Amino acid sequence: MAEPVAAMCEQLIKAVNVMMDAESSQRYRLEALKFCEEFKEKCPFCVPCGLQLADKSQSPVVRHFGLQILEHVIKFRWNNMSPQEKVQLKNCAMGLLSNGTHPIMEEESHIKDVLSRIIVEMIKREWPQHWPDLLKELEALTNSGEAQTELVMLILLRLAEDVVTFQTLPPQRRKDIQQTLTQNMESVFSFLLTILQRNVDEYRRLKRVPSQELKAKAHCRVGVATLNTLAGYIDWVALIHITHNNCRLLEILCLLLGEPELQLEAAECLLIAVSRKGKLEDRKPLMLLFDDVAMHYILSAAEAADAAKLLGPQSAEGTGVVERDYTFLKRLCQVLCALGTQLCSLVGSNVEVEIPGNLEKFLEAFLAFTTHPSQFLRSSTQITWGTLFRHEVLSKDPVIVRMTVKYLRATINNLVKTGFPSKHDSPSCEYSRVDFDNNEDFNAFFNSFRAQQGEVVRNACKIVPLEAFQIAGEGLQYQINTPIDVGTTTSKTAEGLCSVLSPSAVQWDAMTFFTESVVGQLFKTMEKEKLPIDQGIELLQAVLSYDTRDPLILSCVLTNVSSLFPFVTHRPHFLPQVLYKLFGSITFEVIEESKAPRTRSVKNVRRHACSSIIKMCRDYPQFILPCFDMLYTHVKKLFSNELLLTQMEKCALMEALVLISNQFKDYGKQQAFLEELMAPVSVRWQSEETSRVLWDPALFLSHVGADQTQIDPIAEDMSGISRSRISFCVYTILGVVKRARWPAEPEEAAAGGFVVGHTPTGAPVYRNPCTSQVLALMPNLLALIRTHNNLFLPENMARLSGTFTRAYEVMDVEKNLVLAHLFFFKRPVKVAACHNLHCPQGGVWMSTSWLPQPVLDIYDSPVYKTTLERMQGFFCTLYDNCFHILGNAGPSLQQDFYTIDGLAEKIVNSALANIDNVPDHRLRPLLHILSPLCLRVFIKQLVVSCPPEYYETLLCPLLAPLFSYMLQRLNQRWQVINQKGTLCGSDDDEVCEEKQVTQEMLEEQLVRLVTREVMDLISVTCILKKAPESAGNKEEVDEEEMMATDSSQAAPGTPTYPSDELTELGKCLLQHEVTDSTFTDIYMTLLTISFNSLSWRDTGNCHRMASLVCWTLLRQVVGGNLLPEAVTWFYTSVLKGLQMHGQHEGCSAALMQLAFLIYDALGGGDSLAIAHLCTTIIALCFWFPPPQRPRYSELRAVMTQIPNIQPEALNQYDQKILNPPPQKLAEKKRKDQFKKLLAGIVGKPLGQQFKKEVHIRNLPSLFKKVKSDAKREVLESSEGPDLTFLFTPQPDDH
């Protein structure tokens, strides 16, 4: 046998060398690879060849291949080997460990890795049952030298990873190995600590001897491997092993923080240890790290790592950051964060942990990380600061109170946006080059970091509100008194103006954000009598008196005015000064009477001023009411010059007036005002000329200039005034509909004439003072919607001029939103201090939001738009706003809107007219707007707000054709997408242009978004949402989740979650399905859409529909007479979903549950109802009729077609449903059995579809649980004992 083995080895060596030779041709390399793979699969000499090739006399590449052969044999042939062959291979492998490697510093790391894999693969198959002495053998190996000790560490680490972390074993084998490890964990930890201590001591002794440097490095290498192994166990072992012997492990780790070669691994172990969760009493020993000695080692290590290169600015020519030292510093920062979290968990709990005496020392060190030049280190501390400031006990401690003030002062500097990796103007830049790939990544990070700081500042303000306000006031006064520093880069608009990265701009921005966070919390925290009114007014006066023509600085000033406005409510005589400042900014210009387009910053100043006015009128309408006449007069004066304000700015001012008019609390007076306000719009909108334009697509295109050719793309657009007037009318209607309301108090509403009756339940019926004006404009609005839909007819598309052929396409900003939902996080809509948009959600002028600014676009150039871009914006915004009006008309006008004659028919004839030709991106506003503001539009809002008495007359006639059409449309769209996915890769030789690929991606993503809107509409229509039950006090709180949500932006009210019940509208649709043929098959249409969506290539949608919608809809009709074909289709749809999405764990679980429910309900008679009962007990007291035969035997026929299904297992499962045993199986076991039946149809990821499966056989279990026969004796007893005995805890129930 030796000769064939030697000959084969020679061929394998040649093949390996050919594969690894860079000069080999592709053909030879593939032939060599094929030869090697066939050898591993078929050759009977694998073991002897592998051993011969693995000999240390061979080259590393050949040795590695030989070891791979042995690993392949163990993974795929082990089950077919005889016991003698297994023992022989095991002994040979252990021999390789002891004698088959080079010294530790010479051996290749990939050789060590594959050697450890070989041993672990055998352990997974044989230990502990057939290899009881494994741990002793590994311990003995460590006496053979440093190389063997390192290999043992690698084996123990990989074993823990495979068994616990990655769980790559069958459940029974994993349980056997993990339980054996747990039983021996005390000796394992003792062994690891002994190895660590021994090698660290030797390393420290030998590193001082020059001639022993190599030996010292060997011991250091073993120490590193041991620490890595400890890290793999510390995460999951019982805490008692970590804290054993007075926390000896933690003591060793703290000592090792001072060893440069071992400190990083020691810090990672320490971090894992102090981050452990669990019972509070088990975590109490971790407080030992607050001891002076332990804290000294931690802080000394931080100072040593930071001293050389990490403190102070680095020059552009400097050496930069040492990455290993910087990583170590990050780990120490995380250790301190974890310690702070443990402290917050233990102090004030039942464990009775006292506040550490050296808390101030700990917090000073923690603050040093908060003020470190690294932006990443600063951000890492924020969650812990927030936890400390929120803690009921610690937040009252004098040390925390003093440290809170220091934190607030440090935060002002941290809010300054510096540290772009491409720049060299800050010490932070060096660290950013390590942490971030580009400026966009840094920008996204910093925006998140700033939001975190804002939340922590608000929490800190609760502790020291007056001190926080004083700090904010000092900082703001400093900015006011400091001359503007434009830096090296200035705006191109005019000399002396800041760019977005000018020193003054970023400092004003930071100070503004800080002041806003503090003042907002101040009024929530302090009692009215204790508020610093005089200081607030003094600060506001300073801000109002500050005069600047720099738009970026002025934007910050306006934010501060808005933030400090609550102080004005205590000194009303300052209100005119505030309004004067804001109105002056509405017409702000850098260069007066300039014909050039305004810059981004100028436009944002004007919109910021409008936003502030709306915010004040929304939040303090009663306070501003005395100034209404002055405001109205000033607004009319501004309106007299048609070119002075943009249409959105005009609408913003009108919205503000409407908000104040709500405080008239007099129906007649408010109605008269709204009539006067809307008179110009009403006259123009209802004029004969406008009506003809709005009703005729050809006239409309001509009126807005879409059929005219423009040679110069940025030339003055002569038809712009026509578009502007139409937009202004629509903006105005929307603003009035959204803002005009009756008094909130029923008594005031009744006294003011707003109540016109009462419902049968006694609730008042209100009327809106804008009703008559809005209803008069509604016919032309519906005509505009219909005309807009008809613009997509071929004959109207042909009317577009060459300039505007792309006028209906997706705008670039929409395209970016569609292709990447994170676009606004990576390139945020922000200029200078416009970080906090004051516009109330839903303001009509917010439709274009703030103007986006590229991350490092330091030049504030004029915003030139081509005529095509303006036309695209016009069509897009106009269409969206029309549906906004319809969506808000119901909640605003109420019964006056719902009772319009033939409303459903009018909406269908307009909104659904020519819908076949309407592209997907224009279809979305009908369902939901394409906007990050998440405003509800038309159908969805109509469904939510419509009273039940109008379901039959309005919603049913509207939803029936809509859902029927969307079913047809989505089926066609997804059929194309699914076919593309199936045929993917068949045209690999075809090279597509990037533009074409982007267009395909855009179209597919639009289909996904429309699909999700439809599914969301189905959910809103049919699925009842309920408030969750109280979860009680939780011991552990996810701090990151708390920090991720800004309390100031949280949705009001208690969150609700979908239930398994139908809404009233859903019940109405179901009732129509049964009793009324007018709305044929609407409920079945909903079912069809929902189940069809399971097999569309949209994982998120599939998971949502399978888990929340499908069963809720289907269970309502389970008791009816469903056609067998329908039942088969429903079940097959779920199986198709499993085939499509089974590779995703969440989808697979939801689809499995859905299939289980359907099969039990429709395939197994009445078993579903019985499954949820404790049948063992009930059977003693009640008699059940015999279970029915399956109502739909067709489901069994479907099951038999599943690949690899075992007919015997299917028969057994069906028999247990039809003839349940006396003691019924737990539902979890039944689900597990059912899951095994469907295993053959569950889809796999592409990378797993052709992967050879590894089979590991179970060994005889070591841990068998002996169950008590007490319950069986009760069931079999004829004397009928007391049933309460069954509920008595037994020893085996734990």
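Note that the structure is a prediction, hence the values are computed from the model and not measured. Position 1 is the first residue of the sequence, and the numbers go up from there.
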With a 6.0 Å cut-off (strictly less than), is the heavy-atom count around [atom1] of [X], excluding the residue itself, greater than 12?
X      : atom1 : value
Gln622 : CD    : yes
Phe639 : CZ    : yes
Lys636 : NZ    : yes
Phe523 : CZ    : yes
Lys396 : NZ    : yes

Within this structure, what is the [atom1]-[atom2] distance for the pair [X] and [Y], rounded to the nearest 0.5 Å?
X      : Y      : atom1 : atom2 : value
Asn768 : Leu674 : CG    : CG    : 8.0 Å
Thr548 : Ile553 : OG1   : CD1   : 6.0 Å
Lys417 : Asp509 : NZ    : CG    : 8.0 Å
Arg600 : Arg607 : CZ    : CZ    : 11.5 Å
Glu455 : Gln521 : CD    : CD    : 8.5 Å
Phe567 : Asp534 : CZ    : CG    : 10.0 Å

| field | Charged tip of Lys669 within 45° of Phe673 ring normal and under 6.0 Å | value |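 Here Lys669 fails the 6.0 Å and 45° test against Phe673.
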Any side-chain heavy atom of [X] within less than 4.5 Å of one from [Y]?
X      : Y      : result
Thr371 : Tyr407 : no
Arg618 : Glu655 : no
Tyr731 : Lys650 : no
Leu476 : Phe514 : no
Tyr632 : Ile660 : no
Leu653 : Phe583 : yes

| Does Tyr766 have its ring centroid less than 6.0 Å away from the ring centroid of Phe754? | no
Side chains of [X] and [Y]: donor-acceptor distance under 3.5 Å anywhere?
X      : Y      : answer
Thr599 : Ser601 : yes
Gln941 : Ser945 : no
Ser892 : Arg741 : yes

Ignoring hydrogens and geometry, is there a side-chain-to-backbone donor-acceptor pair from [X] to [Y] under 3.5 Å?
X      : Y      : answer
Asp550 : Cys498 : yes
Asn888 : Lys738 : no
Arg450 : Leu415 : yes
Ser562 : Thr559 : no
Ser555 : Pro551 : no

| message | I'd like to know whether Gln453 forms a side chain to side chain donor-acceptor pair (under 3.5 Å) with Thr411, so could you lay out the CA-CA distance, the side-chain angles of the two residues, the decisive distance to 0.1 Å, and finally the verdict. | response | CA-CA 7 Å; Gln453 290 182 95; Thr411 299; 4.7 Å; no
| task | Describe, in one word, how the ring planes of Tyr620 and Phe623 are oriented to each other, choosing from parallel (under 30°), tilted (30 to 60°) and perpendicular (over 60°). | result | perpendicular
